[in-house]
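Below: one structure, written as structure tokens.
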Amino acid sequence: MQDSLTPFIEFRGAGKQYDGKYAVRDLDLTIYQGEFFVLVGGSGSGKSTLLNILGGIEVFDSGKVEVSGADLGILSRGQRTAFRANTIGFIFQFFNLLPTLTALENVSAALEPLDKGAVERREQAMDMLDAVGIAHLAGNFPAQMSGGEQQRVSIARAMVKQPPVILADEPTGALDHKNATQVLECLTRLQQQIGTTIIVATHDPIVISYATETWEMCDGAIEVGCS
């Protein structure tokens, strides 16, 4: 399958240390455009650090990391902020919705860094809530929604700017099996429509079943082909 895809994200000897200990070490990894790429591994294995490096949140210490040809190692702080705004969508385990904003406002807020007008932001946010099947909840606050509904808002927020990359950290960790399955079906459908590359850190076997590629991470390094 990889032969028909385009290399999109590349780590070449990448490393990141905290207090002299490697969180990511000598990492060589290629992720292809349009993949649903899953990282598994225990706590402290380096999964979240890898996601943070890709999101331009963490700066790696050695090696090279490229996303769609952009060398993340040479970006300034401001350039990394712009990179996140234009390239990355984030999905979190506990949704990270702003409790004082409605579903529509939470999704619309993701478009503010892109300098779109208020009417355009609202229209695009509403369209994305409709795409994830909860347009009828546009006026609800997070506390008025179930966990599965909140995660759909989170997906809509991540996808509304149609980013090339989605980074998801334990996106089903707070959901039961039924809601997890519904959320993943929604996410993969949107992925196929938009062509987004998705990288997920998870322990959930339900998520792994949707993967096009699954790698295991241990002590900052990764291995291919785990089950």
Side-chain angles (χ1 to χ4, degrees), residues 31 34-43 45 47-48 50-52 54-55 88-111 122 124-217 226-227:
I31 299 174
E35 276 199 293
F36 193 114
F37 187 95
V38 171
L39 286 166
V40 298
S43 178
S45 62
K47 302 190 307 298
S48 294
L50 188 152
L51 293 184
N52 287 340
L54 274 180
I88 306 294
F90 293 94
I91 302 173
F92 304 95
Q93 177 177 355
F94 295 109
F95 324 130
N96 283 21
L97 302 178
L98 295 173
T100 58
L101 300 184
T102 65
L104 180 61
E105 291 166 342
N106 265 285
V107 177
S108 178
L111 295 169
R122 182 182 177 87
Q124 290 186 11
M126 196 67 199
D127 287 345
M128 190 55 64
L129 286 174
D130 184 50
V132 299
I134 53 171
H136 60 292
L137 299 177
N140 285 28
F141 293 95
Q144 297 171 310
M145 293 181 282
S146 69
E149 290 166 346
Q150 289 185 65
Q151 193 60 297
R152 288 191 185 208
V153 176
S154 178
I155 290 172
R157 179 184 60 189
M159 285 285 198
V160 70
K161 56 188 179 182
Q162 300 192 12
V165 180
I166 291 287
L167 303 178
D169 198 354
E170 296 288 356
T172 60
L175 304 177
D176 60 26
H177 185 279
K178 179 180 178 181
N179 276 308
T181 300
Q182 291 176 346
V183 161
L184 287 165
E185 291 287 347
C186 176
L187 181 60
T188 53
R189 176 169 47 82
L190 287 175
Q191 177 210 15
Q192 291 163 6
Q193 291 173 358
I194 297 172
T196 299
T197 302
I198 298 180
I199 300 98
V200 184
T202 188
H203 295 94
D204 190 344
I206 300 173
V207 180
I208 295 169
S209 71
Y210 284 80
T212 56
E213 190 82 12
T214 304
W215 286 38
E216 184 172 10
M217 197 157 192
C226 65
S227 57

Inset, instruction - Report yes if the side chains of H177 and I206 come closer than 4.5 Å at any heavy-atom pair, otherwise no. - result: yes
Inset, instruction - Using atom types as modelled and distance alone, determine if a side-chain donor or acceptor of N106 lies under 3.5 Å from a backbone N or O of L98. - result: yes
Legend entry - Pairwise side chain to side chain donor-acceptor pair (under 3.5 Å) hits with a residue in residues 125-145, at least two apart: none
Inset, instruction - For Q151 and V183, indicate whether the former's side chain and the latter's backbone hold a donor-acceptor pair under 3.5 Å. - result: no
Inset, instruction - Kindly compute the distance separating OG1 (T202) from CD1 (I208), expressed to the nearest 0.5 Å. - result: 6.0 Å
Legend entry - side chain to side chain donor-acceptor pair (under 3.5 Å) contacts touching residues 183-193 (sequence neighbours left out): E185-Y210
Inset, instruction - State, with a plain yes or no, whether a side-chain heavy atom of L190 is found less than 4.5 Å away from one of V132. - result: yes
Legend entry - Nearest-0.5 Å distance, CZ of residue F36 to OG1 of residue T196: 11.5 Å
Inset, instruction - Could you grab the distance from atom CD1 of I91 to atom CZ of R157, nearest 0.5 Å is fine? - result: 8.5 Å
Legend entry - Contacts of type side-chain hydrogen bond (donor to acceptor under 3.5 Å, both in side chains), residue S48, not counting sequence neighbours: D169
Legend entry - Main-chain N/O of H203 paired to E170 side chain as donor or acceptor, under 3.5 Å: yes
Inset, instruction - Could you grab the distance from atom CG of L175 to atom CZ of R152, nearest 0.5 Å is fine? - result: 10.5 Å
Legend entry - Beyond-backbone contact of Q124 with V107, side-chain heavy atoms, under 4.5 angstrom: no
Legend entry - Non-neighbouring partners of D204 that pass side-chain hydrogen bond (donor to acceptor under 3.5 Å, both in side chains), sequence neighbours left out: T172
Legend entry - CG-CD distance between L137 and Q150, expressed to the nearest 0.5 angstrom: 10.5 Å
Legend entry - Inter-residue atom distance I166.CD1 - I194.CD1, 0.5 Å rounding: 8.0 Å
Inset, instruction - Could I get the full list of side-chain hydrogen bond (donor to acceptor under 3.5 Å, both in side chains) partners for T102, not counting sequence neighbours? - result: E105
Inset, instruction - Please list, chain by chain and in numerical order, all residues satisfying side-chain hydrogen bond (donor to acceptor under 3.5 Å, both in side chains) with N96, sequence neighbours excluded. - result: none
